2 protein chains.
Amino acid sequence: MADVPTRLRLLNAAIDHFGRLGLHGASTRAIAREADTPMSSITYHFGGKEGLYLAAADHIASEIANRAGPALEQVRAMCAEPPTPAVARNALHLVFAHMVGVIVSPETAAFARFILREQADPTEAFTHLYSGAMRELLARLAALLRTISHDRLGEQDSRLKALTLMGQLLVFRVARAAVLATTGWREVGAAEVDEIRRSIADNLEAICDRLEAGGQR
Amino acid sequence: MADVPTRLRLLNAAIDHFGRLGLHGASTRAIAREADTPMSSITYHFGGKEGLYLAAADHIASEIANRAGPALEQVRAMCAEPPTPAVARNALHLVFAHMVGVIVSPETAAFARFILREQADPTEAFTHLYSGAMRELLARLAALLRTISHDRLGEQDSRLKALTLMGQLLVFRVARAAVLATTGWREVGAAEVDEIRRSIADNLEAICDRLEAGGQR
DNA sequence: GTCTATAGTCGGATAGAC
DNA sequence: GTCTATCCGACTATAGAC
């Protein structure tokens, strides 16, 4: 902790400030102050404010890839040979149980703010974020859902369903204030994450049941 | 359109600018310019930047209450006498079919940005937003879910499930960029909204089936 | 690589004319 | 109610010392 390079200190401070205030709203002075380095070192390391912004996006993408990596790796292994619906179902549960922890964890809060803002008003940085971490995850989820449905679900339908499922997680990140107000929780700690995980697993079961049995779509 | 009072023009411009840039990031000069009035009229009408911000939150809350009103009214009517699970199920579908349109519509985009930002970093304005529109909706959803489950679902569990269900909608608003990238859509128009509505209705059916039959929770 | 100093722009608030 | 003029602070960028 004591010997973090200036470049990295700047990136961490940048993710925090840009996430809260946006590209325009954040100030390089404040970022530099938090990183305990003069403002002009931003020019030196990243060429300027926008360079720092893009570098922050790339840094987030690689950090997320690291965190989602273990779960994705496991799913890749389970799907090495074409999986049965039962195996796919297992894999789906695995991914979600893991993602709940990742998405709700305080360490990813700053990442989430940055990504959220970028989605609201996408710039060049969004491509970096999407290609870096989200695309494979969503594609894998969609493929699992299709398998579970015995391929009755169309490709587009399975992508849509993957998105709705991710939404069940997302709400606990992006609407945290409403979540706290509704549940009466004071924070989202380990006990609360378990409750969320159970509720979502329950929904997953229900949706998989219907998919596997063959509902009307 | 031609004769909108200055106060209202300022509110609309404020919602747009604050939603995109936040309280600090937005500039009263730019807001006033868009409202085609001098900056000092903000001082006159709202006392300053923060007064304008709070007024914008109140205005959003009442606009949302207007839009969600019809659906909520219908649900209230259906629940006048304690509803059967089948009636509750109908009501649930009704609310969601309506909310999909509301949440995804371009007119509410500015509202969504404002609320999103406020959730990420709640200020006094959040209370206004939550009490004004969200609370009753979430409470009604939770009550419907409980009824559907024959009261097997606990109060807290039903609130959590209401939140996960709202998440399925939310994702199409807050992660629009990812939605477009994943589906290949170029916009979320009427045809796309119908697909979303079908996918979510399908999930609802699945979850209600499980709830009504009595899953493990 | 790191820091200081400075130039030029734009921000919010306010006083006071009409 | 509406507008102009002005104050002062904060911002980004950059030149140049070490």
Side-chain angles (χ1 to χ4, degrees), chain A residues 1-59 110 113-114 117-118 120-121 123-125, chain B residues 1-60 110 113-114 117-118 120-121 123-125 128:
Chain A
M1 208 61 174
D3 202 25
V4 183
T6 300
R7 200 190 139 81
L8 194 55
R9 290 203 314 278
L10 276 172
L11 281 175
N12 287 328
I15 289 168
D16 191 45
H17 284 241
F18 284 136
R20 288 180 201 279
L21 303 166
L23 173 57
H24 298 293
S27 114
T28 53
R29 282 165 131 86
I31 292 171
R33 199 183 314 129
E34 186 173 315
D36 197 32
T37 181
M39 189 189 54
S40 50
S41 71
I42 289 176
T43 314
Y44 176 76
H45 285 286
F46 304 99
K49 200 188 199 185
E50 292 196 10
L52 178 56
Y53 187 80
L54 282 178
D58 282 329
H59 189 245
R113 274 192 296 266
F114 192 105
R117 188 173 299 273
E118 188 54 36
D121 219 347
T123 70
E124 185 193 339
Chain B
M1 205 63 173
D3 202 27
V4 182
T6 300
R7 200 189 139 81
L8 194 54
R9 291 204 314 277
L10 276 172
L11 282 175
N12 287 328
I15 289 168
D16 191 45
H17 284 240
F18 284 135
R20 289 181 200 279
L21 302 166
L23 173 57
H24 298 294
S27 113
T28 53
R29 283 172 134 88
I31 292 171
R33 198 182 315 129
E34 186 172 316
D36 197 31
T37 182
M39 189 187 54
S40 50
S41 71
I42 289 176
T43 315
Y44 176 77
H45 284 287
F46 305 100
K49 198 186 197 184
E50 292 195 10
L52 177 57
Y53 187 81
L54 282 177
D58 283 329
H59 190 245
I60 288 176
R113 275 192 296 265
F114 191 105
R117 188 174 300 273
E118 188 54 34
D121 218 346
T123 69
E124 186 193 339
H128 298 220

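To find a chain, count down the sequence lines: A is the first, B the second, and so on, and within it residues start at 1. Just so it is clear, the values below take in all heavy atoms, side chains as well, and ignore hydrogens, waters and symmetry mates. Keep in mind the model is a prediction, meaning the values are calculated, not measured.
Proximity note for B:T37 (side chain, C-beta onward) versus C:dT2, D:dC3, C:dC3: the nearest is D:dC3. Side-chain atoms of A:T43 lie closest to D:dT14 of the nucleotides C:dT4, C:dT14, D:dT14. Between D:dT2, C:dG12, D:dC11, one nucleotide has an atom nearer to the side chain of B:T28 than all others, and that is C:dG12. Among the nucleotides C:dG1, C:dC3, D:dC3, the one closest to any side-chain atom of A:P38 is C:dC3.
Residue A:S41 has no polar side-chain atom (N or O) positioned under 4.0 Å from OP1 or OP2 of C:dC3. For C:dT2, the OP1/OP2 oxygens have a side-chain nitrogen or oxygen of A:H45 closer than 4.0 Å.
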Problem set entry | Chi angles and distances behind the side-chain contact (heavy atoms from CB on, under 4.5 Å) call for A:T28, A:H17 | CA-CA 9 Å; A:T28 53; A:H17 284 241; over 6 Å; no

Problem set entry | Worked verdict on B:R117 versus B:D121 for salt bridge (Lys or Arg N to Asp or Glu O under 4.0 Å) | CA-CA 6 Å; B:R117 188 174 300 273; B:D121 218 346; over 6 Å; no

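The main-chain N or O of B:A120 is never found under 3.5 Å from a side-chain atom of A:R113 such that the two would form a donor-acceptor pair. Proximity of a side-chain donor or acceptor of A:K49 to a complementary backbone N or O of A:S27 within less than 3.5 Å is not detected. The closest donor-acceptor contact from the side chain of B:E118 to the backbone of B:T123 lies under 3.5 Å.
Counting all heavy atoms, side chain and backbone alike, A:S41 lies closest to A:T6 at OG-CG2, 4.3 Å. Summarising the geometry of B:V4 relative to B:R9, their closest heavy-atom pair is O-NH1, 2.9 Å, with the distance given to 0.1 Å. Shown here for A:L52 and A:F18, the closest heavy-atom pair between the two residues is CG-CE1, 3.9 Å. Counting all heavy atoms, side chain and backbone alike, B:A26 lies closest to B:I31 at CB-CD1, 4.4 Å.
Atom-to-atom, CD of B:E50 to P of C:dT14 comes out at 12 Å; the value is rounded to the nearest Å. Distance B:L21 CG to C:dC10 P: 16 Å, rounded to the nearest Å. Atom NE2 in B:H24 sits about 11 Å away from atom P in D:dC11, given to the nearest Å. Atom pair B:I42:CD1 and C:dG12:P shows a separation of 8 Å (rounding to whole Å applied). A:F46 has its CZ atom 14 Å from the P atom of D:dA13, to the nearest Å. Rounded to an integer number of Å, the gap from A:L10 CG to C:dC3 P is 11 Å. As rounded to whole Å, 14 Å separates atom P of D:dA10 from atom NZ of B:K49. For A:R9 and C:dG1, the CZ to P distance is 13 Å, given to the nearest whole Å.
B:F114 CZ to B:I60 CD1: the interatomic distance, rounded to the nearest 0.5 Å, is 4.5 Å.
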Exercise. Given the rule that a pair is Watson-Crick or G-U wobble with both distances under 3.5 Å, how would you write DNA chain C in dot-bracket, using | for pairs to a different strand?
Worked result: ||||||||||||||||||

Identify each atom pair where a protein N or O and an N or O of nucleotides 5-7 of chain C are less than 3.5 Å apart, giving names and distance.
none

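A:A26 comes within 4.0 angstrom of the backbone, heavy atoms only, and of no base.
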